[in-house]
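Take a look at the structure set out below.
Nothing fancy with the numbering, it's 1 onward along the sequence.
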Amino acid sequence: MNPGSLRFPSFRQLAGLGGLSVLLGTLAPDGAFAQEDDAKEATAPQVSCYTAATEASDDYTATQLCRGARSTAPAECFLRVQREGSLTQGQALQLCQFATSDDDPASCFLQAQRKSFGDDARLLQLCQPPVTEFLRYCPVYVQ
């Protein structure tokens, strides 16, 4: 064995290693790397909200409810007032659209409903999130 061969690997050894790495590199995107990309992609809050809202509403109502949502708060509010309150889908949409995790229009409505004899329309106005601030940031659907 030549002492110089121990210090410097031969071209064949390097080519063999390079060929192996190229072969593994071409196989990886279909395997491990593709799974990592899927795991990194988080579900958009609008999609999560929509998925939850379709449990108790039609597609149109769920779309309107979750348009511009930053969390599942609108769907959680909607489902709660549908379950515990006496609101129609349209009224629940009006109350819960644009709800955030910082406010709780469902609790407000249900408490106000228990403590007063006011009509639902006034209670909706009382407990709605501050819609005007959010409307500046939400696009309007144009037909």
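Here the side chains of Val81 and Cys96 are in contact, with some heavy-atom distance below 4.5 Å. Residues Ser116 and Leu123 meet the side-chain proximity criterion, which asks for heavy atoms closer than 4.5 Å. A heavy-atom distance below 4.5 Å is found between the side chains of Arg67 and Phe98.
In this view, Thr54 and Tyr50, Asp59, Ala62 satisfy the side chain to side chain contact (heavy atoms under 4.5 Å, CB included) rule, not counting sequence neighbours. When the side chain to side chain donor-acceptor pair (under 3.5 Å) test is applied to Ser57, no partner is found at least two apart in sequence or on another chain. Take Glu76 and apply the side chain to side chain contact (heavy atoms under 4.5 Å, CB included) test, not counting sequence neighbours, and it matches Thr72. Contacts of Ala56 classified as side chain to side chain contact (heavy atoms under 4.5 Å, CB included), with partners at least two apart in sequence or in another chain: Phe78, Leu79. Remark: Asp104 engages Arg80, Ala106, Ser107 in a side chain to side chain contact (heavy atoms under 4.5 Å, CB included) (not counting sequence neighbours).
A side chain to side chain contact (heavy atoms under 4.5 Å, CB included) with Gln91 is found for one member of Leu95, Thr88, Leu93 and no other, namely Thr88.
Listed for the Asp58 side chain is a donor-acceptor partner under 3.5 Å among the backbone atoms of Tyr60. A side-chain donor-acceptor contact under 3.5 Å links Gln97 to the backbone of Gln64. Distance alone, capped at 3.5 Å, places no donor-acceptor pair between the Gln94 side chain and the Leu124 backbone.
The shortest non-hydrogen separation linking Gly68 to Gln46 is N-CG, 4.1 Å. The shortest heavy-atom contact between Ala99 and Pro105 is CB-CG, 3.8 Å. Here the closest non-hydrogen pair linking Ala69 and Pro74 is CB-CG, 4.1 Å. Thr43 and Ser48 get closest at one heavy-atom pair: CG2-OG, 3.3 Å.
Screening residues 107-119 for salt bridge (charged side-chain N to carboxylate O under 4.0 Å, His left out) gives Asp119-Arg122 as the qualifying pairs, with residues at least two apart or on separate chains.
Within the model, atoms CG of Leu65 and SG of Cys77 stand 8.0 Å from one another, a figure rounded to the nearest 0.5 Å.
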